[in-house]
Amino acid sequence: MSAIVPLKTLTASQLADFAAAQGWPRYRARQILAWIYRRGATRFDQMTDLGRDDRAVLERTAVIGEPMLADVRRDPEDGTEKFLFRLDDGALVEAVLIPDADRLTLCLSTQVGCTLDCGFCLTGTMGLQRNLKAHEIVDQVLGARAHAGPERPITNLVFMGMGEPLANLAQVCEAIERLTAEWGLGYSPRRITVSTAGLVPQIAALGAFRHKVNLAVSLNATTDEVRNRVMGTINRKYPLDALLAACRAYPLPPRRRITFEYVALAGVNDRPEDARRLVSLLHGLRCKVNVIPFNPWPDAPYQRPSDEAIAEFQAILARAHISTFIRKSKGRSILAACGQLRSESDRPAGLIPAPQASRGG
Ligand code: SAH
């Protein structure tokens, strides 16, 4: 007997091959895809528009697999929820659901750990365990969606969790196929943002991808000297010049902008001269800037700037007509803030017990 096929590990065309091998009509694969992704089915008996015989074949030969939600923690102050998923090999990854006035944004992880070791980032301290597979990325959305329920649709997806998405580009693109497909989750690529520390060749590759998702770039410094200090692994390979050239060459669809993220580190990159240099670096780029005041973690080598320093930084950019937003840190009490997506053994107060991922259907 041949091995059981985990259907979520298949691409749409591999699933079509699987269906064809059973002698099924072409539309059968689409039906199965829609059940799995659009409707979140986790069992074949939920697939009510498939014949009994076909379902029996699926029961014998395949499994769907469902996201294993190991834990959910909710920040009582701002409603941010952090999901901890356990993967088949036991590895743990996190996703964070961030409510805002008119959005519900899910922040997704793409790697277990990261190779880049940016000095301000907690994930960087753990090294890379492995890349996530496309279905492990999509399962974060399916698990969070099931947990949030139909009354709270997730409106935006950002690849800003653990890991460097462009270091795992093939799986990220395959995940985006499923997230945007009509049989899948049906997201507009405008609602999806991929954030990178600056992998220059992969920025061009993402630009060539058929789904025109938004690009965010974690700039975080305005000179190579400072950038080498705070994110040396990536900047020594692709210095600022090369990074900004890749951004200028990025094929932006009309009316869209690149987001530059700028983690503000006290006394390191938050001075008025940094803001002025940032203005000249970004000259002529269709962009906006998100200033993220550093979120401290235990024994971190950096500090959060004062509110005054942040306000002055923003004012300098605003005077140069660069739209600049200050990112309030959310989910602080659950260590869900940017770069803090890592399981902690000691749990802060205010946690709720983990509910099971609700069954879809
Ligand atoms: N590797 C990708 C995506 C993950 S990091 C990237 O670098 O863009 C997502 C964002 O969180 C980046 O902008 C990063 O600079 C920021 N970040 C990481 N650690 C942080 C911290 N402790 N405080 C504030 N922002 C942080």
Side-chain angles (χ1 to χ4, degrees), residues 67 69-75 77-85 87 92-114 116 118 120-124 126 131-132 134 136-148 152-168 171-172 175-176 178-180 185 187 189-197 213-218 220 259-263 290-295 297 325-344 357:
L69 195 46
D71 195 13
V72 184
R73 305 175 188 189
R74 186 169 183 280
D75 187 313
E77 264 164 48
D78 58 30
T80 299
E81 286 172 287
K82 182 164 88 162
F83 302 90
L84 188 65
F85 292 100
L87 309 178
L92 295 169
V93 286
E94 300 185 3
V96 181
L97 193 58
I98 308 151
D100 223 326
D102 53 348
R103 301 176 173 194
L104 186 58
T105 302
L106 186 68
C107 179
L108 300 169
S109 294
T110 55
Q111 298 182 308
V112 186
C114 189
L116 294 181
C118 301
F120 50 82
C121 178
L122 190 54
T123 303
M126 66 191 283
N131 285 332
L132 294 190
E136 294 171 326
I137 297 170
V138 177
D139 264 351
Q140 295 169 50
V141 187
L142 296 177
R145 180 178 71 173
H147 177 88
R152 291 196 302 151
I154 298 169
T155 60
N156 293 69
L157 302 172
V158 296
F159 287 83
M160 294 184 187
M162 296 168 77
E164 166 51 46
L166 295 193
N168 187 17
Q171 297 299 316
V172 166
I176 292 170
R178 301 176 199 190
L179 294 169
T180 52
L185 285 95
Y187 282 97
R190 301 172 165 274
R191 300 250 174 200
I192 299 177
T193 299
V194 173
S195 179
T196 180
V213 296
N214 300 303
L215 174 68
V217 174
S218 300
N220 300 348
T259 301
F260 286 98
E261 294 156 279
Y262 195 94
V263 180
N290 281 344
V291 178
I292 316 170
F294 174 65
N295 281 304
W297 33 274
F325 304 87
I326 309 219
R327 288 279 144 173
K328 274 187 282 174
S329 63
K330 299 221 172 193
R332 278 190 162 185
S333 78
I334 53 172
L335 276 181
C338 304
Q340 301 188 334
L341 303 183
R342 168 174 185 183
S343 56
E344 294 291 310

Please check if the side chain of T180 supplies one atom and the backbone of Y187 the other of a donor-acceptor pair under 3.5 Å. no

Rounded to the nearest 0.5 Å, the CD1 atom of I154 sits from the CG atom of L185 at a distance of 8.5 Å

Please report the interatomic distance CD(E94) to CG(L84), rounded to the nearest 0.5 Å. 5.0 Å

Rounded to the nearest 0.5 Å, the OG atom of S195 sits from the CD atom of E261 at a distance of 3.5 Å

Under the criterion side chain to side chain contact (heavy atoms under 4.5 Å, CB included), which of I98, T193, T259 is the partner of V158? T193

Heavy atoms only: give me the nearest E136-L132 pair and the separation to one decimal. OE1-CA, 3.4 Å

Any non-hydrogen side-chain atom of V194 less than 4.5 Å from a side-chain atom of L166? yes

Taken to the nearest 0.5 Å, the spacing of I176 CD1 from I192 CD1 works out to 5.5 Å

S218 and N220: side-chain hydrogen bond (donor to acceptor under 3.5 Å, both in side chains), yes or no, with the steps? CA-CA 6 Å; S218 300; N220 300 348; 4.8 Å; no

Closest non-hydrogen atoms of A144 and F85, given as atom of the first, atom of the second and distance, are N-CZ, 4.2 Å

Using the side chain to side chain donor-acceptor pair (under 3.5 Å) criterion, which residues pair with R152? Sequence neighbours excluded. E81

Are side-chain heavy atoms of D78 and P99 found at a separation under 4.5 Å? no

Over all heavy atoms of both residues, which pair between A216 and M160 is shortest? Give the atoms and the distance, please. CB-CE, 4.1 Å

Check Q140 against A95 and note the closest heavy-atom contact, atom names and distance. OE1-CB, 3.7 Å

Is L108 close to V141 at the side-chain level, that is, under 4.5 Å between some pair of heavy atoms? yes

Residue set satisfying side chain to side chain donor-acceptor pair (under 3.5 Å) with T196, at least two apart, ordered chain then number -> E164

Which atom of G161 lies closest to which atom of C107, heavy atoms considered: N-SG, 3.4 Å

With sequence neighbours excluded, residues passing side chain to side chain donor-acceptor pair (under 3.5 Å) with T105: none

Taking the side chain as everything from C-beta on, heavy atoms only, tell me whether L104 gets closer than 4.5 Å to D100. no

Applying ring-ring contact (aromatic ring centres under 6.0 Å, His included), name anything that partners F83, two or more places apart in sequence or on another chain. H147

Is there a side-chain contact between L157 and L179, using heavy atoms and a 4.5 Å cut-off? yes

Those residues at least two apart in sequence (or on a different chain) that pass ring-ring contact (aromatic ring centres under 6.0 Å, His included) with F159 are none

Quick check for you: to the nearest 0.5 Å, what is the distance between D139 atom CG and I137 atom CD1? 10.5 Å

Hey, could you give me the CZ/CD1 distance between F120 and I292, rounded to the nearest 0.5 Å? 8.5 Å

Side-chain heavy-atom pair T110, V93 within 4.5 angstrom cut-off: no

Which residues pass the side chain to side chain donor-acceptor pair (under 3.5 Å) test with N156, not counting sequence neighbours? R191

Distance alone, cut at 3.5 Å: any donor-acceptor contact between the side chains of N131 and Q111? yes

Check: M162 main-chain N/O paired with S109 side-chain donor or acceptor under 3.5 Å: yes

For A134, enumerate each residue passing the side-chain contact (heavy atoms from CB on, under 4.5 Å) test, keeping only those at least two apart in sequence or located in another chain. Q171, E174, A175, R178

